[in-house]
Amino acid sequence: VSTPTTSEQSATNKLKQAAATSAAEELQDGMIVGLGSGSTAKLVVDAIGVRIKQGLQIIGIPTSEQTAEQARSLGIPLSTLGDHLKIDVTIDGADEVELGTLNLIKGGGGNQLREKIVATASARLVITVDQSKIVSHLGDHAPVPVEVAQFGWQATGQYLARLGATPTLRLHPDGTTFVTDGGNYILDCAFGRIASASQLQRSLDSVVGVIEHGLFIGITSLVLVGTAEGVQRLGAEANRPRP
Ligand code: A5P
């Protein structure tokens with residue numbers, strides 16, 4: 001994979017920004033809103049911050065410490081899942097979105113455990129991406145991030161390898177081990193093209209030591225895709241009238 005040039009990066013950022021702005025327009029007063037994590041979700045939270053300043057009243061449930069900090073700095077009121085067991089809508093990013101099924105790989109930022117807990121408690125999951133994230137088959141480019149207990153992670157890695165993965169312990173650029181908000185490690189598992197995401201999900205769920213993984217199957221309501229031709233809407237809600 002070649003490194004994107006500065007002008008490619010700025011073009012991608014424009015597409016992410018358009019999708020993020022469109023996602024923030026999905027919100028209405030009174031909603032409980034799951035706030036995703038990652039660079040695209042960060043733009044969504046910024047756009048929600050603008051709407052809050054214009055008078056929008058929502059309560060946010062953050063999916064990471066970083067998002068919580070950003071939301072607080074923008075004056076977005078926050079609460080916890082414990083106080084709001086039902087979330088109206090969660091807006092998040094993704095590493096890969098499979099055309100047709102809208103199944104996802106998430107967790108490039110290491111937040112998949114909280115993201116999945118919040119998404120599962122949500123009536124709707126809206127995914128915001130630039131067009132580079134849309135794929136015909138999951139796994140061709142992105143590994144599946146698998147969050148594992150620190151204890152015995154090498155043994156857990158061996159079990160994952162038996163499922164056909166090449167697991168790599170996630171490190172920071174300075175060489176120290178990446179630790180999730182929940183205090184766990186991440187094994188990035190390159191499977192290559194995933195023939196059956198639901199079968200792989202069942203296999204991953206059965207490995208002792210696995211806390212959670214980045215396959216999000218059958219829970220996406222709407223995908224907002226930033227493209228050069230504008231923001232495209234994919235999924236069962238694509239033709240739903242905008243609020
Ligand atoms: C965070 O752990 C992830 O699930 C992100 O939503 C995903 O990695 C997409 O991130 P970007 O928007 O930064 O590409």
Checklist entry - By the rule that ILVMFWY residues connect when side-chain heavy atoms come within less than 4.5 angstrom, directly or transitively, which residues belong alongside V129? => result V97, L99, L102, L104, L125, I127, I134, F216, I219, V223, V225, L234

Item to check | For the student: nearest non-hydrogen atoms of Q57 and D29, plus distance | outcome: N-OD1, 2.8 Å

Item to check | Between CD on residue Q232 and CD on residue Q131, distance to nearest 0.5 Å | outcome: 8.0 Å

Next on the checklist: Could you report the tightest heavy-atom contact between T67 and G36, atom names first, then the distance?
Outcome noted: OG1-O, 2.9 Å

Next on the checklist: Hydrogens and angles aside, do D46 and Q70 bring a side-chain donor and acceptor to less than 3.5 Å of each other?
Outcome noted: yes

Item to check | Residue pair L15 / T12, side-chain heavy-atom distance below 4.5 Å | outcome: no

Checklist entry - Counting distance only, does the side-chain N/O of T177 pair as donor-acceptor with the main-chain N or O of R170 below 3.5 Å? => result no

Checklist entry - Where do A197 and I217 come nearest, in terms of heavy atoms and distance? => result CB-CD1, 3.4 Å

Item to check | Smallest separation among heavy atoms of N111 and S37, with atom names | outcome: OD1-CB, 3.3 Å

Checklist entry - Is it true that E26 and R233 have a side-chain N and a carboxylate O under 4.0 angstrom from each other? => result yes

Checklist entry - So if you build clusters from Ile, Leu, Val, Met, Phe, Trp, Tyr with side-chain heavy-atom gaps below 4.5 Å, do L113 and Y185 land together? => result no

Item to check | H141/D95 under side chain to side chain donor-acceptor pair (under 3.5 Å): CA gap, chis, key distance, verdict | outcome: CA-CA 9 Å; H141 307 291; D95 302 307; over 6 Å; no

Next on the checklist: Please say yes or no: joined through hydrophobic side-chain contacts below 4.5 Å, possibly via intermediate residues, are V148 and L163 part of one cluster?
Outcome noted: yes

Item to check | Ion pair D130/K16, N-O distance below 4.0 Å | outcome: no

Next on the checklist: Could you tell me if the side chain of H137 sits less than 4.5 Å from the side chain of E98, heavy atoms only?
Outcome noted: yes

Next on the checklist: Using side-chain heavy atoms (C-beta onward) and a distance below 4.5 Å, is Q112 in contact with I186?
Outcome noted: yes

Item to check | Shared-cluster residues of L27, by chain and number - hydrophobic side chains joined below 4.5 Å | outcome: M31, V33, L35, V44, V45, I48, I52, L56, I58, L74, I76, L78, V89, I91, V126, L222, L224, V231

Checklist entry - Looking at T21, D92, T40, L43, which hits side-chain contact (heavy atoms from CB on, under 4.5 Å) with T128? => result T40

Checklist entry - Do NZ/NE/NH1/NH2 and the carboxylate oxygens of E212 and K106 come within less than 4.0 Å? => result no

Checklist entry - Hey, mind stepping through E147 and R114 against salt bridge (Lys or Arg N to Asp or Glu O under 4.0 Å) and telling me if it holds? => result CA-CA 11 Å; E147 183 160 347; R114 293 187 189 185; over 6 Å; no

